[in-house]
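Just so we're on the same page: letters track the sequence lines, and every chain starts at 1. Keep in mind it's a predicted model, so treat the numbers as computed, not measured.
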2 protein chains.
Amino acid sequence: MSDKLTLGVAARLSTYLRILIQSRKQGIESISSQEISEHANVNPTQVRRDLSSFGKFGKRGVGYRVEYLIAQIQDILHSGGTHNIALVGAGHLGSAIAASSIFQDHGFRIAALFDSDPARIGQTAGDLAVEDSATIAARCRDLGVILGVLAVPPASAQGAADQLVDGGVKILFNYTETLLSLPDDVTVHTINPAEEMLYALYFHLT
Amino acid sequence: MSDKLTLGVAARLSTYLRILIQSRKQGIESISSQEISEHANVNPTQVRRDLSSFGKFGKRGVGYRVEYLIAQIQDILHSGGTHNIALVGAGHLGSAIAASSIFQDHGFRIAALFDSDPARIGQTAGDLAVEDSATIAARCRDLGVILGVLAVPPASAQGAADQLVDGGVKILFNYTETLLSLPDDVTVHTINPAEEMLYALYFHLT
DNA sequence: TAGATTGTTAATCGATTAACAATC
DNA sequence: TAGATTGTTAATCGATTAACAATC
């Protein structure tokens, strides 16, 4: 077992991987540290240093092969396989997430989609049938899902989170405006563009 | 003019501010560095150090007043006012964004919503009328918008981005799976939960 | 007073980046 | 060869955190 990466390195490698996967989708076969760095908003030396600490992945004077570098980074991050996720909420946001290819492109598969509205249960969104929120815990346990996405109204967020945790989910992505209270062994990642906007605006204005 | 914050400090202050604003919304009036740190996934000493470098905002043995701390951080980040944003795309994702209070809570106001589908133009989403995408550049210039959000299909992303930049937009939030090519003075922030999932999963599995 | 929590120090550790030789 | 870009060094700089006195 190799040493655990630092937070910074793992975060940047994830960003490089996203850029490489998007590049591949657009038909790009070769890329330089300079090009990666522009999309990732980091220093080009940083990119080369991050990569070269794991091996010599590029060719001097040429750059990196996109396909090969994707495989190498997936190896470092142990992210080559497919991971099941549970999505709660089949409203506008949930439907947009279900229909997007963002998750598939990175090896994530939406294994189940839930909603509490009887009018939505049984309908389909993307390729998925909407299931009753009352079955979240049981279904997650059956499917062995450890990743959950919350795309519900704020008032339902804590309840949905509790059910996911009941079902064995350990990592939550929270798209709502609600602060969640959860056990210590569960990690919550909040998706809130306003937070990043504040930060972006600060650097733009100073 | 005070010194510019480092990237790390500005990013963390933005996170603290989000947590404080969400706490206030839930009626919480006082909060400790320990509680902030749990929601922000950082060390409690880090929180106190980040704050205390700008002043003595807390009370020993008690904690921080939520309302007061919000005002202080907004002061540091120059983010107290209202900022107009342009949203492109009135599909599921755009509608979800328009209907959410995430932006309003942080002082962002969606000043205009655009779509290229004739069937959607003139309809309303949230409180907004959907305007024709052909008018993006002109409307953004009129409104003085510098912040744009892309919630369009991947194939339309580059075109919509170009029009926003034409209209004077300097900061773009890209919800699509498309890598954008833009002038150097424009900053792109990509919202891609899959990237953060890879990273979260790595730390969960190791 | 007793308990809690801040503000600050001091020490360590990792991140960052300019510069350039290596090499495709 | 000439041009481009990687891999790596070396130096600096900032981030991190345990520990604790101050104080509410």
Practice prompt. Look at all strands and tell whether T6(A) reaches a base, only sugar-phosphate, or nothing, counting heavy atoms closer than 4.0 Å.
Written response: sugar-phosphate
Fill in: Donor-acceptor side-chain pairing of R109(A) and N84(A) below 3.5 angstrom
yes
Discussion item. Any residue in residues 19-44 of chain B with a heavy atom nearer than 4.0 angstrom to DNA chain D? Just list them by number, or reply none.
Written reply: N43(B)
Worksheet item: Is it the case that T190(B) and N192(B) place a side-chain donor and acceptor less than 3.5 Å from each other?
Response: no
Worksheet, complete the sentence: Those residues at least two apart in sequence (or on a different chain) that pass side-chain contact (heavy atoms from CB on, under 4.5 Å) with A96(B) are H92(A), L93(A)
Worksheet item: Are the aromatic rings of Y68(A) and Y64(A) close, with centres under 6.0 Å apart?
Response: no
Worksheet item: Can S133(A) and Q163(A) be counted as having a side-chain donor-acceptor contact under 3.5 angstrom?
Response: no
Worksheet item: How about S32(A) and E35(A): does a side-chain donor come under 3.5 Å of a side-chain acceptor?
Response: yes
Worksheet entry | Leading and trailing nucleotides of DNA chain C with any atom under 4.0 Å from heavy atoms of chain B | dA4(C) to dA10(C)
Response to the item:
Expected list for residues 52-72 of chain B near DNA chain D, using heavy atoms below 4.0 Å, is K59(B), R60(B), G61(B)
Worksheet, complete the sentence: CD of E196(B) to CD1 of I171(A), rounded to nearest 0.5 Å, is 10.5 Å
Practice prompt. Taking atom types as modelled, find out whether K25(B) and T178(A) have a side-chain donor-acceptor pair closer than 3.5 angstrom.
Written response: no
Fill in: Residues in side-chain contact (heavy atoms from CB on, under 4.5 Å) contact with L143(A), at least two apart in sequence or another chain
A111(A), A112(A), R139(A), V145(A)
Fill in: Donor-acceptor under 3.5 Å (D115(B) side chain, A90(B) main chain)
yes
Worksheet item: What dot-bracket string describes DNA chain C from 5' to 3', counting Watson-Crick and G-U wobble pairs whose defining distances are under 3.5 Å, with [ ] for crossing pairs and | for pairs to another strand?
Response: ..||||||||||||||||||||||
Discussion item. I'd like to know if the side chain of S100(A) and the backbone of I97(A) have a donor-acceptor N/O pair within less than 3.5 Å.
Written reply: no
Worksheet item: Looking only at heavy atoms, which two atoms of A11(A) and E195(B) are closest? And how far apart?
Response: O-OE2, 4.4 Å
